[in-house]
Amino acid sequence: MARKTKAEAELTRQQILDAALLVFHQRGVSRTTLDQIARAAGVTRGAVYWHFANKTELFFAMREQITLPLIDHMHELLLAEDLADPLDGVEQTVQDFFKSIMDCPQVRQLFDIVFLRCEYVDEFAEILAELLKPSLDFLRDVEIAYQRARDKGTLAPGLDPNAMALDTWAFVRGTFQHLLSFPDERDWPRRIGSMVQQHMALRRKR
């Protein structure tokens with residue numbers, strides 16, 4: 001058999017990642033096997049093992065491919081030092097996060113898998129902390145942004161950056177969970193933009 005080129009190997013890897021997203025979303029992670037992913041990708045089981053040692057490694061690769069660009073964008077926007085008002089960065093970051101969930105099917109499917117279709121038992125029992133890390137990184141970055149807003153005088157007087165960061169973190173998590181838990185609801189997604197604006201307005205110096 002002819003040796004695959006680097007481009008062909010990368011194409012196969014991408015086919016496996018795309019198939020994993022589809023099958024994990026359809027069946028749930030615990031009920032999905034690598035054989036099923038291989039069939040959905042149109043490759044052999046051996047090809048899956050060539051690229052990924054096990055289901056956990058494939059799961060993380062699938063997750064990182066979709067979420068890393070979003071995470072990097074949020075981090076850069078929250079900590080952008082050229083913003084006249086760091087609160088603008090917080091507001092735009094939260095708006096962009098929810099827009100990505102509502103506008104990008106892959107992002108929505110990925111979050112459905114991670115938070116609704118994955119049982120953190122057996123080989124997945126020890127990875128929950130790693131999955132929650134981006135959420136804690138977001139909390140840290142938001143607190144830094146609020147501290148900068150206080151220093152620039154744009155945060156409303158008397159507000160504590162740590163408390164405001166925790167409040168924004170809880171607001172985002174709660175809204176996020178509602179979006180995932182009620183996918184057929186039509187009114188809620190249309191209101192998110194104004195909800196974010198009102199959430200941030202309460203923090204701005206008048």
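Keep in mind that the numbers below use all heavy atoms, side chains included, and drop hydrogens, waters and symmetry copies.
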Nearest heavy-atom neighbours spanning [X] and [Y]:
X: Met62; Y: Ala20; answer: SD-C, 3.9 Å
X: Arg203; Y: Leu155; answer: O-CD1, 3.4 Å
X: Ala145; Y: Pro86; answer: O-CB, 3.4 Å
X: Pro134; Y: Arg63; answer: CG-NH2, 3.3 Å
X: Val48; Y: Ile16; answer: CA-CD1, 3.8 Å
X: Pro157; Y: Lys205; answer: CD-CG, 4.2 Å

Determine whether [X] and [Y] fall in the same hydrophobic cluster, where Ile, Leu, Val, Met, Phe, Trp and Tyr are linked whenever their side-chain heavy atoms lie under 4.5 Å apart.
X: Leu166; Y: Phe138; value: yes
X: Phe98; Y: Trp188; value: yes
X: Ile66; Y: Leu68; value: no
X: Leu77; Y: Met200; value: no
X: Phe60; Y: Leu110; value: yes

Using modelled atom types and a 3.5 Å cut-off, is there a donor and acceptor pairing between side-chain atoms of [X] and backbone atoms of [Y]?
X: Thr168; Y: Ala165; value: no
X: Trp169; Y: Ser135; value: yes
X: Arg117; Y: Phe115; value: no
X: Gln109; Y: Leu22; value: no
X: Arg148; Y: Leu79; value: yes

Can you find a heavy atom in the side chain of [X] that is under 4.5 Å from one in the side chain of [Y]?
X: Val114; Y: Val29; result: no
X: Val196; Y: Phe171; result: yes
X: Gln36; Y: Gln26; result: no
X: Leu21; Y: Gln65; result: no
X: His73; Y: Ser100; result: no
X: Thr175; Y: Met195; result: yes
X: Leu34; Y: Lys55; result: yes
X: Trp50; Y: Arg13; result: no

When rounded to the nearest 0.5 angstrom, what is the spacing between [atom1] in [X] and [atom2] in [Y]?
X: Tyr146; Y: Leu159; atom1: OH; atom2: CG; value: 9.0 Å
X: Leu116; Y: Leu180; atom1: CG; atom2: CG; value: 5.5 Å
X: Asn162; Y: Asp160; atom1: CG; atom2: CG; value: 5.5 Å
X: Met74; Y: Thr93; atom1: CE; atom2: OG1; value: 6.0 Å
X: His25; Y: Thr32; atom1: NE2; atom2: OG1; value: 11.5 Å
X: Arg140; Y: Glu143; atom1: CZ; atom2: CD; value: 10.5 Å

If you count the non-hydrogen atoms of other residues, nucleotides and ligands that lie under 6.0 Å from CD in Glu119, is the total more than 12?
-> no
Assert yes or no for the condition that the ring centre distance of Phe111 to Phe176 is strictly below 6.0 Å.
-> yes
Do [X] and [Y] have side-chain atoms, one donor and one acceptor, less than 3.5 Å apart?
X: Gln92; Y: Asp96; value: yes
X: Tyr49; Y: Arg45; value: yes
X: Asp151; Y: Gln147; value: no

Residues Asp137, His75; criterion side-chain hydrogen bond (donor to acceptor under 3.5 Å, both in side chains); working and verdict = CA-CA 8 Å; Asp137 289 343; His75 176 75; over 6 Å; no
Before giving the answer on side chain to side chain contact (heavy atoms under 4.5 Å, CB included), spell out for His199 and Asp167 the whole-Å C-alpha distance, their side-chain angles and the decisive distance to 0.1 Å.
-> CA-CA 10 Å; His199 176 83; Asp167 189 54; 3.5 Å; yes
Starting from the C-alpha separation in whole Å, work towards a yes-or-no answer on side chain to side chain contact (heavy atoms under 4.5 Å, CB included) for Met102 and Ile192.
-> CA-CA 10 Å; Met102 293 183 285; Ile192 287 179; 4.2 Å; yes
Taking it one step at a time, do Asp18 and Gln106 satisfy side chain to side chain contact (heavy atoms under 4.5 Å, CB included)?
-> CA-CA 9 Å; Asp18 292 343; Gln106 284 189 320; 4.2 Å; yes
